[in-house]
Number of protein chains: 2
Amino acid sequence: MAKAGLTEEAVRQAAIAIADKKGLNQVTLKAIADRLRIKTPSLYTYVDGLPGLNNLLAVYGLQYLRNELAEAAVGLSGKDAVHAMGSAYIRFARENPGLYEAAQWVNKWQDERTEKLSNEIIDLVGKVLAAFPQAEKDQTHLIRMFRSICHGFASLDRNHGFGMPVSVEESFFFAIEMMLAGIQSKYGENAG
Amino acid sequence: MAKAGLTEEAVRQAAIAIADKKGLNQVTLKAIADRLRIKTPSLYTYVDGLPGLNNLLAVYGLQYLRNELAEAAVGLSGKDAVHAMGSAYIRFARENPGLYEAAQWVNKWQDERTEKLSNEIIDLVGKVLAAFPQAEKDQTHLIRMFRSICHGFASLDRNHGFGMPVSVEESFFFAIEMMLAGIQSKYGENAG
DNA sequence: TGACATTCCTAATATTGTTAGGTAATATCC
DNA sequence: GGATATTACCTAACAATATTAGGAATGTCA
């Protein structure tokens, strides 16, 4: 019996490929094993069962998302940075649907890593929004608003919730613009 | 063997109870059957397997949500109507977590009924937002923005995505306020 | 009472996840 | 280079759930 020479990385990639193509609920140990040409129990060498696999995907997805968001805002500030980060978020969810779905399950597989990554993402968002004037008590509100818009668009888009023949990217840009315009009208025009 | 005298309604309610208490992925035919004191195969009298059950929940959830949204806006207009509808949305998702989750699966169990209900909800949202001045081309953008905020807040809230000790209701109110302020700053102050 | 439909059941099968333990290939140590 | 330990993968077996087939008990109505 020749050895396949697998790694946790290979298992993860197989899982992601299935998740992106057929949805996260189609990611079964059987499907992964078939794809890797091994038997199901062999996967337990690399992954702690199905829960462990899901946790793996959640952590990887959050890392990936955090890196994309951080990269998107490099060298930008004000409105540009906010738009760039938002666009990166939507793009990530669209290009990695399975991974994005897995990353949403953080609550279910909560451990230190996912909590830490979530906080890092919130910090990133907080930084690009800090350029706008705001009452201190509104800072959390604003971060939550931005995250909700991003996640809401990504989620509805992924679930085919947008039926009208209008560009989702344009709608998203509009939403960010309205959000920033609202802030500026509340706190003054010399912002961003 | 005494007959239980069940109905589709009873099966649905059992499924909802489990979904709300333990999450939608815990809604198995086995769990429902146990709760109703019958055997699993007996459920096939009322429901077309697990896919049929999920479809049932999605339809029921959308109907429920549509009714709540319609009721919330009765007798109100302008900003009040928008806030009321948004609050009703968040409240629905919080008080009926399992049903809300099921309603999000519309895409997976898409049939005429779910499509019709989705459109009805979008129409309701469109009506309360129509009171605000806007370019015709921005109407879809605005409806999408509102839906994304509602769904984003509801979803992150449900997944324990909001860790800060700040009221989610206040954050949501803030978000709607900023959205409306953004519109008004773009299209004029004599709105709402 | 007897034909019939309905409701619920048992029995059987398929799929998936999981554990236990074995075998063969590979790496390590003298 | 050979003994030994580790590793990678396997088969076997079992549990849980979904589903289908078909049977028995219950209720309805002429």
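Chain identifiers are assigned alphabetically (A, B, ...) following the order of the sequence lines, protein sequences preceding nucleic acid strands; residue numbering begins at 1 within each chain.
Between A:Gln104 and A:Tyr89, the closest heavy-atom pair is OE1-OH, 4.3 Å.
Of the candidates B:Leu53, B:Leu50, B:Leu36, B:Leu43 forms a side-chain contact (heavy atoms from CB on, under 4.5 Å) with just one, namely B:Leu36.
For A:Phe92 and A:Tyr64, the ring centers are positioned less than 6.0 Å apart.
Taking the ring axis of B:Tyr60 as reference, the NZ or CZ atom of B:Arg12 stays within 45° of it and closer than 6.0 Å to the ring centre. By the 6.0 Å and 45° rule, A:Arg158 does not stack over the aromatic ring of A:Tyr100. Cation-pi geometry between A:Arg144 and B:Phe153 is not satisfied (NZ or CZ under 6.0 Å from the ring centre, within 45° of the ring normal).
Taking only side-chain nitrogens and oxygens, B:Ser42 never comes nearer than 4.0 Å to OP1 or OP2 of C:dT7.
Distance CG (B:Asn25) to P (D:dA16): 18 Å, rounded to an integer number of Å. If you measure from atom CD of B:Glu8 to atom C1' of C:dT7, you get 16 Å, rounded to the nearest angstrom. Protein atom NZ of B:Lys39 is 15 Å distant from nucleotide atom C1' of C:dT7, rounded to whole Å. A straight line from CD1 of B:Ile32 to C1' of D:dA16 spans 16 Å, rounded to a whole angstrom. Atom CG in B:Asp34 sits roughly 12 Å away from atom P in D:dA16 (whole-Å rounding). C:dC9 atom P lies 12 Å from atom CZ of B:Arg37, rounded to whole Å. Atom CD1 of A:Ile38 is separated from atom P of D:dC9 by 6 Å (rounded to the nearest Å).
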Return the polar atom pairs (N/O with N/O) between nucleotides 17-20 of chain D and the protein under 3.5 Å, or none.
residue	atom	partner	partner atom	Å
D:dA18	OP1	B:Leu29	N	3.4
D:dA18	OP2	B:Leu29	N	2.8
D:dA18	OP2	B:Lys30	N	3.1
D:dT19	OP2	B:Tyr44	OH	2.7
D:dT19	OP2	B:Leu50	N	2.8
D:dT19	O5'	B:Tyr44	OH	2.8

